[in-house]
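In the text below, chain A, chain B and the rest are named by the order of the sequence lines, each starting its count at 1. Just so it is clear, the structure is predicted and the values come from calculations on it, not from any experiment.
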Number of protein chains: 2
Amino acid sequence: MNVKDEVTDKYSLRGRVYSKIREDILDGRYRNGDELREIAIGEELGVSRTPVREAFRQLELEGLIRIVPNKGAYVTGITAKDVKDIYMIRSMLEGLAAKWATENITDEQMNEMEENICLSEFHSSKGHAAQMSELDNRFHEILYEACGSKMLEHQLIEYHEYVLRVRRKTLSQNKRGSESTEEHKMIMEAIKQKDAKKAESAANRHIVNAYENMVRNGLKEAYPEN
Amino acid sequence: MNVKDEVTDKYSLRGRVYSKIREDILDGRYRNGDELREIAIGEELGVSRTPVREAFRQLELEGLIRIVPNKGAYVTGITAKDVKDIYMIRSMLEGLAAKWATENITDEQMNEMEENICLSEFHSSKGHAAQMSELDNRFHEILYEACGSKMLEHQLIEYHEYVLRVRRKTLSQNKRGSESTEEHKMIMEAIKQKDAKKAESAANRHIVNAYENMVRNGLKEAYPEN
DNA sequence: TACTGCATAATTGTATACAATTATACGATT
DNA sequence: AATCGTATAATTGTATACAATTATGCAGTA
């Protein structure tokens with residue numbers, strides 16, 4: 001797949017409609033139990049029902065809405081507990097990815113990981129929040145690619161996307177930045193040493209720490225209790 | 001939600017068209033790289049392009065096909081390695097579910113689990129393959145419900161569905177039946193004793209054992225190598 | 001032969017029309 | 001007043017029409 005394809009894909013109507021509704025659910029614009037009407041959403045986005053319906057089917061598969069046949073689509077949303085569960089699940093899977101990466105990472109991926117950490121240390125010291133966020137995302141993407149499993153990569157990307165939205169709700173703060181980079185470094189070094197156990201536990205802890213940081217920054221207040 | 005809703009739900013939540021195409025991919029009728037044409041599949045199933053397109057969007061989200069805009073839908077399929085990866089991922093998540101179940105299982109769920117194992121022992125001794133299969137599926141469903149996490153349950157059901165298809169490809173054999181029941185019993189007892197660690201490791205091992213049994217029964221021969 | 005350019009066909013993307021189902025309003029009946 | 005039944009409206013499910021894009025075949029040319 002060349003670059004043009006990727007761009008086309010990303011901005012195609014299909015993707016756009018799906019992404020928009022998904023974002024609105026994860027951002028809390030549509031709330032738990034809200035009924036989504038095909039025509040209303042279509043008009044809002046300037047499209048017909050067809051692309052909206054296709055998006056609905058995807059959202060249902062993802063568990064964000066529930067479609068009752070011949071009745072309608074109802075937002076399932078996510079609660080504070082869901083977010084916690086996702087982080088716990090992700091902690092395990094991220095550990096598995098780190099473990100597998102010790103066997104499967106390529107030299108090129110290893111290099112990009114080291115470069116990523118080097119840059120993170122720089123921008124962290126400067127307090128560049130936007131760059132830090134970008135580098136953090138990229139670190140995890142590299143890890144997912146490096147695990148050598150299409151299935152695990154696919155799964156982790158899905159959870160990571162959840163997290164990107166959730167994080168918007170909590171305050172971004174750069175104190176976590178240096179801690180996070182330090183943890184990335186530990187994961188990277190364990191992978192470099194091919195120490196599977198160490199890589200796994202470091203990745204486990206990293207995600208749990210990220211979650212606990214979010215809780216301290218008002219996650220509970222941003223999501224419904226149940 | 002009454003019974004009728006559940007039934008309706010079961011057959012349309014993931015529509016008929018989606019299920020059929022998915023099955024055909026997982027059963028190997030469509031092979032890696034095959035191009036799926038909306039009209040052809042629609043005619044085969046006696047529907048128009050609209051439901052087929054909706055199914056395609058879902059299958060793409062699941063990673064079973066890849067849609068290139070304005071070109072077509074191409075089967076991604078699953079390889080022997082994918083199956084292995086899924087089992088390893090599922091092993092971890094099933095362990096997590098068992099761990100969480102020690103805290104969240106209801107008396108009713110515990111009872112059904114015990115009943116399930118009792119029946120499994122009976123049908124195993126009689127060599128009733130169909131009942132064994134049904135009871136095995138149900139055991140895992142109970143475990144997923146009992147973990148008390150919508151997110152984890154959703155995820156495990158998805159993986160479990162994969163497995164249902166995959167298992168068809170390997171010979172079902174009843175020697176595994178008694179072993180499997182024994183393992184279920186260990187998981188159940190650990191949950192009953194609220195021994196989280198024991199429950200987790202027992203569930204981990206159970207899934208790994210199930211995978212190894214599948215390998216012994218010709219999994220590799222049933223799927224493409226890469 | 002190999003390659004280019006154009007016309008045609010095939011396929012997907014989107015909008016719309018119609019059918020099936022469900023929700024709602026309102027009058028009749030008790 | 002409350003309830004039931006029916007007519008109407010609203011909404012979803014599916015099919016089809018048309019537009020946009022891509023694939024294909026073929027004549028012409030070097």
I'd like a table of atom pairs between the protein and nucleotides 19-21 of chain D - only N or O on both sides, under 3.5 Å - with the distance next to each one.
none

Ring pair (Phe, Tyr, Trp, His ring centres under 6.0 Å) contacts touching residues 75-119 of chain A (sequence neighbours left out): A:Y87-A:Y211

Would B:L59 and B:I67 count as a side-chain contact (heavy atoms from CB on, under 4.5 Å) if you check the C-alpha gap in whole Å, the side-chain angles of each, and the deciding distance to 0.1 Å? CA-CA 9 Å; B:L59 293 165; B:I67 296 175; over 6 Å; no

Take atom [atom1] of [X] and atom [atom2] of [N], then tell me their distance rounded to the nearest Å.
X	N	atom1	atom2	answer
B:R53	D:dG13	CZ	P	17 Å
A:Y74	D:dT11	OH	P	11 Å
A:E35	D:dT12	CD	P	7 Å
B:E54	C:dT14	CD	C1'	13 Å
A:I67	D:dG13	CD1	C1'	12 Å

One thing to verify: whether A:E23 and A:R29 come together as a salt bridge, which I'm taking to mean a side-chain N less than 4.0 angstrom from a carboxylate O. no

SB check B:R22 B:E62 (cutoff 4.0 Å): yes

Which parts of residues 37-49 of chain B get close to DNA chain D, meaning a heavy atom less than 4.0 angstrom away? B:G46, B:V47, B:S48, B:R49

Is a side-chain donor or acceptor of B:N116 paired with a backbone partner of B:M113 at a separation under 3.5 angstrom? no

Of A:K71 and A:T50, whose closest DNA chain C nucleotide lies nearer the 5' terminus? A:T50

Of all the heavy-atom pairs spanning A:A98 and A:A203, show the shortest one and how long it is. CB-CB, 3.8 Å

Considering all heavy atoms, the nearest B:C147-B:N104 contact: O-ND2, 3.1 Å

Does A:I65 reach the side chain of A:L36, with side-chain heavy atoms less than 4.5 Å apart? yes

